[in-house]
**Student:** 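The structure is given below, and queries will be raised subsequently.
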Number of protein chains: 2
Amino acid sequence: MTTVDEQTGIVEVDSDLRAADGRVPGRRGLATRQKLLSATRELLDSVAYRDLKVVDIAQEAGTSPATFYQYFPDVESVMLALASDLSEAWHDDLRKLVSNRDWDGDPDGSAKVVADGMLEFWTRHKPVLRVLDLASMEGDLRFREIRAFLLAGATSALMDLASERHIPGDPMASAGVVVGMLAHVANHQHGLERWGVPHDVLVDTVAGIIRRTIVGLP
Amino acid sequence: MTTVDEQTGIVEVDSDLRAADGRVPGRRGLATRQKLLSATRELLDSVAYRDLKVVDIAQEAGTSPATFYQYFPDVESVMLALASDLSEAWHDDLRKLVSNRDWDGDPDGSAKVVADGMLEFWTRHKPVLRVLDLASMEGDLRFREIRAFLLAGATSALMDLASERHIPGDPMASAGVVVGMLAHVANHQHGLERWGVPHDVLVDTVAGIIRRTIVGLP
DNA sequence: TCCCGGACCTGACACAGCATCAGATACCGG
DNA sequence: CCGGTATCTGATGCTGTGTCAGGTCCGGGA
C-alpha cells in the first residue's frame with residue numbers, strides 16, 4: 001500500500017505501519033512482521049482461512065502469539081496486508097500483459113496471452129485471492145475495495161478496448177463480466193480439469209469469449 | 001440428499017439422519033433439527049460463515065449448544081445439509097427454466113430467461129451458495145461434490161445445446177465456463193451494480209455471452 | 001570495552017467459544 | 001395416572017483469544 005500523508009505531503013510506503021503500542025517498528029520489527037506475513041501465506045496453502053489460528057501463525061513464524069498482536073490486530077488484517085501487496089504485484093504484471101498487444105493483427109494470440117496470463121497469476125496466488133473473493137462476497141468493505149482496485153486495471157483495459165471497437169452492448173458490463181469470469185475460472189480450474197477439460201482447452205475457451213465479447217470478432 | 005442403501009436396496013430420504021448417540025430422531029427431534037437449519041440460514045444473512053458460532057445458532061433456534069451437537073457434529077455439517085437441500089431445489093427450478101425453450105426462434109429471449117433465472121436463484125440463496133463456493137475453492141471434497149452436482153444440471157443442459165449447434169470449440173469447456181460465469185456474476189452482482197452497471201444491462205451482457213458462446217449466433 | 005535506553009519479545013492470565021456427558025425433563029402409549 | 005423412552009441441558013474440561021507487566025536484546029556513546 002502506498003499512501004501520501006495529507007499533513008506533511010510525505011510519501012510513505014506501508015504507512016500506518018505501527019506496532020500495537022503506537023511505536024514505529026525498526027529493522028528487526030519489520031523483519032518479524034514479514035515473517036508473520038510469510039507464515040500466514042505458507043499456512044494458507046494447507047489450511048482453510050476459516051481455520052487459520054493466531055497460535056499457528058505465530059508458531060509457524062517462530063514467535064509467540066503476543067508478538068503477533070504487536071503487528072496485527074487480528075488474522076483478517078494479515079490477509080488484508082497480503083491482498084494489498086498482491087494488488088500491487090498484479091498491476092505490475094498487468095502492465096506487461098496488455099501493453100503493446102496487436103489486437104487487430106493477431107486477436108486470437110492477444111486474447112490468449114491475456115487469458116493465460118491472468119489464469120497463471122490467479123493460480124500462483126490462489127490462496128490469498130480465494131480469501132479476497134470470499135470476504136468480498138460476504139460484504140467486507142475493506143476487502144471489496146482491494147478487490148475492486150485489483151480488478152479495476154484489467155477491467156478498464158478491456159473496457160477501453162471494447163469502447164474502441166464499438167461492440168454492441170455496454171463496454172463496462174462486458175469488461176466487468178469477462179474479468180469476473182477469468183477470476184472465477186482460475187479459482188475453479190481444478191474442478192473443470194477434473195471434469196475432463198484440459199488446461200489449454202480452457203484457455204482457448206476463455207480466450208474465445210474475450211475475443212467475441214470484447215474485441216467483437218466471431 | 002437421497003441415497004440408496006447398497007446392502008438392503010432401501011431408498012432413504014435424508015438417510016444417516018441420526019442423533020449423536022446413534023438413535024433415529026422422531027417427530028420432535030426432526031423439528032428441532034429443522035429449527036437449527038433455519039436458524040443457520042437466517043444467521044447467514046447477517047454474519048459471515050467464518051464467524052458463525054454454535055452458541056449463536058443454538059440461541060437463534062431457541063435451544064442449547066448441547067442440543068446442537070445432538071444433530072450435527074459441527075457448523076460445517078449444517079452448511080452441507082443446507083447446500084444439499086438447495087441442490088435439490090435448483091434441479092427443480094432448472095427443469096422449468098430450460099425445458100421447451102425455442103432456441104432457434106427466439107435465441108435472445110431464451111438466453112435471457114436462462115441468465116435471469118439463474119441469477120435470480122443465486123441471488124435468492126446467495127448466503128448458502130457463497131459458502132458452497134468458498135468451501136469448494138478451499139478444496140473441501142464434500143462441498144465440491146455438492147457444487148458439482150448442483151452445476152452439473154445446468155452445465156449438461158448447455159453442453160447438449162452447444163453440441164447440437166456444432167459451435168467451434170469444446171462444448172464441455174464452453175458450458176462449464178459459462179455456468180461458472182453465471183454463478184460468479186450472481187455472487188458479485190452487488191459489486192458490478194455499484195460500479196454503475198444496472199441489473200438489466202448485466203442480464204443482457206450475460207445473455208449475449210451465452211448466445212455467442214453456446215448457441216453460436218453473433 | 002562496557003553500559004544504558006529504547007526496541008522488541010514473551011510468560012502469565014482472564015475470558016470466550018467448543019465439545020461432551022450425566023442427569024433432568026417432556027412426551028406418548030397403555 | 002404411570003413407566004419408559006426420546007429429548008434436552010447444566011456443568012465441565014479444553015482450545016484459542018487478546019492483554020498486560022516485565023524480561024531480553026541490540027546498537028550507540030563514553
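Within every chain, numbering begins at 1; the chains are lettered A, B, ... in the order of the sequence lines, protein sequences first and strands thereafter. Keep in mind it's a predicted model, so treat the numbers as computed, not measured.
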**Student:** So, is the end of the A:R50 side chain (NZ or CZ) under 6.0 Å from the ring centre of B:Y49 and within 45° of the ring's axis?
**Tutor:**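 Yes, A:R50 sits over the ring of B:Y49.
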**Student:** Side chain of A:Y71 only, please: which of D:dC8, C:dC9, D:dG10 is the nearest?
**Tutor:**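 Closest nucleotide among those given: C:dC9.
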**Student:** Please tell me which of B:T63 and A:P65 maps to the more 5' nucleotide of DNA chain D, matching each residue to the nucleotide holding its nearest heavy atom.
**Tutor:**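 In this pair, the answer is B:T63.
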**Student:** For A:R50 and C:dG17, give me the distance from atom CZ to atom C1', rounded to whole Å.
**Tutor:**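 The answer, rounded to whole Å, is 12 Å.
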**Student:** Between atom CG in A:D56 and atom C1' in D:dT15, what is the gap in whole Å?
**Tutor:**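 Distance check: A:D56 CG to D:dT15 C1' gives 11 Å.
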**Student:** Does the side chain of B:T67 get closer than 4.0 angstrom to OP1 or OP2 of D:dC8 through an N or O atom?
**Tutor:**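 Indeed not, no polar side-chain atom of B:T67 lies that close.
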**Student:** For A:Q70 and C:dG6, what is the distance between atoms CD and C1' respectively, to the nearest whole Å?
**Tutor:**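 In whole Å, C:dG6 C1' and A:Q70 CD are 13 Å from each other.
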**Student:** Could you check whether A:H125 and A:R41, counting side-chain N and O atoms only, form a donor-acceptor pair closer than 3.5 Å?
**Tutor:**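 No, no side-chain donor-acceptor pair sits under 3.5 Å.
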**Student:** Give the rounded distance in Å between these two atoms: CG of B:D51 and P of D:dT17.
**Tutor:**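 My rounded result for the distance is 13 Å.
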**Student:** Quickly work out the B:L52 CG to C:dG17 P distance and round it to whole Å.
**Tutor:**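 B:L52 atom CG is separated from C:dG17 atom P by 13 Å.
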**Student:** By nearest atom, which of the nucleotides C:dG17, D:dG27, D:dC8 is closest to the A:R27 side chain?
**Tutor:**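 For the A:R27 side chain, the nearest candidate turns out to be D:dG27.
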**Student:** Please say whether more than 12 non-hydrogen atoms of neighbouring residues, nucleotides or ligands are located less than 6.0 Å from CD in B:E145.
**Tutor:**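 Count not over threshold, so no.
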**Student:** Does A:T32 make a side-chain N or O approach to OP1 or OP2 of C:dC9 shorter than 4.0 Å?
**Tutor:**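 Yes, within the criterion.
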**Student:** Can you tell me the distance, in whole Å, between the CZ atom of A:R28 and the P atom of D:dT24?
**Tutor:**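 About 14 Å, once rounded to whole Å.
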**Student:** Within this structure, what is the OH-to-C1' distance between B:Y69 and D:dT7, rounded to whole angstrom?
**Tutor:**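 These atoms are roughly 18 Å apart.
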**Student:** Could you state the CZ-P distance from B:F68 to D:dG10, rounded to the nearest angstrom?
**Tutor:**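 In whole Å, D:dG10 P and B:F68 CZ are 18 Å from each other.
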**Student:** Once you round to the nearest 0.5 Å, how far does CZ of B:F68 lie from CG of B:D56?
**Tutor:**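 CG of B:D56 is found 11.0 Å from CZ of B:F68.
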